[in-house]
Amino acid sequence: MKTPITRQLIRNHMTYSWWKYALLIVIAVFGWNIVYTVTRYQPPEDKRIVMNIYVDADQPALNEYMAQVNATLMPEMEEMTTVYNALDSMYGDMVFSAHIAVAEGDVYLISRDYFQRYASSGLYLALEDQSELVAELEEAGVSLSQGWRLLNETSERHLYGIPCANLPGMAAYVYNPADCYLAVLAANGNDENVLRFLTIFVGDLLQPVETAEE
């Protein structure tokens with residue numbers, strides 16, 4: 001004999017079994033996110049430039065800048081964006097190491113500490129052969145001495161980062177430019193376009209920040 005379905009029966013069922021439906025909803029949403037992440041279109045490496053941010057910065061302003069460069073100077077790129085990473089004292093090294101392990105990001109905006117600790121390991125791309133970039137910085141009187149490091153394996157000296165302290169325009173994007181460096185991940189897989197963007201970015205950063213009165 002079937003038990004008739006009544007409002008009281010439904011109410012009792014929901015009272016004791018609501019969590020099952022909540023769990024199903026969570027699983028469905030989580031599963032959809034995984035499917036979307038795995039199946040959504042990803043631009044190839046040579047059509048994508050990502051700036052990984054590991055300092056206190058204005059991410060929306062940097063995204064806006066990269067979108068402008070994408071539209072006007074590098075329209076062949078399918079994606080130019082930033083990824084902001086809040087590195088706390090407990091999990092900071094773990095997060096940074098995980099990103100390095102999977103070669104996440106191209107241009108790195110990092111603190112002095114993260115530059116000094118990892119530059120000598122060959123993590124970052126040597127920049128001294130980028131004649132246009134180096135010449136522009138030297139002509140502007142920007143000292144690059146703090147960006148040179150000895151590579152542990154060979155003891156060769158290379159320019160692995162650009163100190164941001166003397167880049168006037170960086171104040172529009174970073175809250176403490178004196179404590180940050182620009183570097184390029186050696187395993188970025190897109191040297192030509194990434195270095196082209198870095199040259200454009202540094203060139204713009206050499207211009208003073210416009211004040212509200214100006």
Side-chain angles (χ1 to χ4, degrees), residues 29 32-33 36-37 40-100 102-115 118 124-125 127 133 136-137 140 142 147 161-185 188-190 193-214:
V29 172
W32 171 252
N33 284 338
Y36 175 76
T37 300
R40 73 183 178 92
Y41 173 72
Q42 294 277 7
E45 280 190 320
D46 63 342
K47 296 295 183 182
R48 184 172 186 253
I49 298 176
V50 177
M51 182 188 299
N52 269 29
I53 304 170
Y54 298 94
V55 295
D56 289 332
D58 187 344
Q59 185 185 15
L62 284 167
N63 272 331
E64 183 178 347
Y65 171 81
M66 293 189 75
Q68 182 181 2
V69 172
N70 192 182
T72 59
L73 299 176
M74 302 183 71
E76 70 278 11
M77 292 294 102
E78 295 183 16
E79 182 180 355
M80 293 180 65
T81 189
T82 67
V83 174
Y84 180 76
N85 304 278
L87 300 183
D88 57 49
S89 57
M90 182 175 297
Y91 298 108
D93 288 348
M94 186 184 303
V95 171
F96 190 80
S97 298
H99 292 168
I100 297 305
V102 298
E104 181 176 311
D106 303 302
V107 177
Y108 273 39
L109 186 53
I110 50 178
S111 67
R112 183 190 308 273
D113 177 53
Y114 274 89
F115 173 74
Y118 293 96
Y124 309 123
L125 191 68
L127 302 174
L133 175 64
E136 192 169 24
L137 287 164
V142 175
I162 300 172
C164 298
N166 295 320
L167 300 178
M170 188 59 85
Y173 304 109
V174 175
Y175 300 118
N176 185 14
D179 188 49
C180 72
Y181 283 71
L182 279 169
V184 173
L185 187 67
N188 69 83
N190 188 18
N193 290 315
V194 171
L195 291 170
R196 181 183 167 201
F197 167 72
L198 181 67
T199 301
I200 294 170
F201 188 35
V202 169
D204 289 337
L205 293 175
L206 289 172
Q207 305 303 316
V209 178
E210 294 184 1
T211 63
E213 292 182 358
E214 293 173 337

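Everything quoted here is computed from the prediction, not taken from an experiment.
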| field | Pairs meeting criterion salt bridge (charged side-chain N to carboxylate O under 4.0 Å, His left out) with involvement of residues 169-178, two or more places apart | value |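 Sorted pair list comes back empty.
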| task | Scan residues 164-184 for pairs that pass salt bridge (charged side-chain N to carboxylate O under 4.0 Å, His left out), counting only residues two or more places apart or in two chains. | result |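 Matches after skipping sequence neighbours: R112-D179.
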Under the rule for side-chain hydrogen bond (donor to acceptor under 3.5 Å, both in side chains), what residues qualify as partners of [X], not counting sequence neighbours?
| X | answer |
| --- | --- |
| Y118 | none |
| Q68 | none |
| N193 | N190 |
| N166 | none |

I need the minimum non-hydrogen distance between [X] and [Y], along with the two atoms involved.
| X | Y | value |
| --- | --- | --- |
| G105 | L185 | O-CD2, 3.4 Å |
| L205 | M170 | CD1-CE, 3.4 Å |
| A57 | L62 | CB-CD1, 4.2 Å |
| P163 | G147 | CG-N, 4.0 Å |

| task | Report the residues that fulfil ring pair (Phe, Tyr, Trp, His ring centres under 6.0 Å) with F201, sequence neighbours left out, ordered by chain and then residue number. | result |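 Listed in chain order: Y65, F197.
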Supply the atom-to-atom distance [X] [atom1] to [Y] [atom2], rounded to the nearest 0.5 angstrom.
| X | Y | atom1 | atom2 | result |
| --- | --- | --- | --- | --- |
| D46 | N188 | CG | CG | 11.0 Å |
| D56 | Y175 | CG | OH | 7.5 Å |
| M74 | M80 | CE | CE | 5.0 Å |
| E78 | I49 | CD | CD1 | 12.0 Å |
| M51 | N63 | CE | CG | 9.0 Å |
| I162 | L109 | CD1 | CG | 11.0 Å |

Set of side chain to side chain contact (heavy atoms under 4.5 Å, CB included) partners for [X], sequence neighbours left out:
| X | answer |
| --- | --- |
| E104 | N52, V83, H99, V102 |
| A178 | A165, N176 |
| E64 | none |
| A140 | V142, L206 |

Given side chains that start at C-beta, do those of [X] and [Y] come closer than 4.5 Å, heavy atoms only?
| X | Y | value |
| --- | --- | --- |
| D106 | V184 | no |
| R48 | M77 | no |
| L133 | L195 | no |

| query | Is N85 reaching over with its side chain to a backbone N or O of Y54, donor-acceptor style, under 3.5 angstrom? | reply |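 Checked: no pair found.
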| task | Test L198 against L182 for side-chain contact (heavy atoms from CB on, under 4.5 Å), laying out the working first. | result | CA-CA 9 Å; L198 181 67; L182 279 169; 4.3 Å; yes
| By salt bridge (charged side-chain N to carboxylate O under 4.0 Å, His left out), which residues pair with D113, not counting sequence neighbours? |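 By the salt bridge (charged side-chain N to carboxylate O under 4.0 Å, His left out) rule, D113 matches R117.
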| task | Check C164, P177, S111 against V55 for a side-chain contact (heavy atoms from CB on, under 4.5 Å) and give me the one that passes. | result |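 With V55 as partner, C164, P177, S111 yield a single side-chain contact (heavy atoms from CB on, under 4.5 Å), made by S111.
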| said: Please verify the inter-ring angle class for F96 with Y114; under 30° counts as parallel, over 60° as perpendicular, anything in between as tilted. | reply: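 Tilted.
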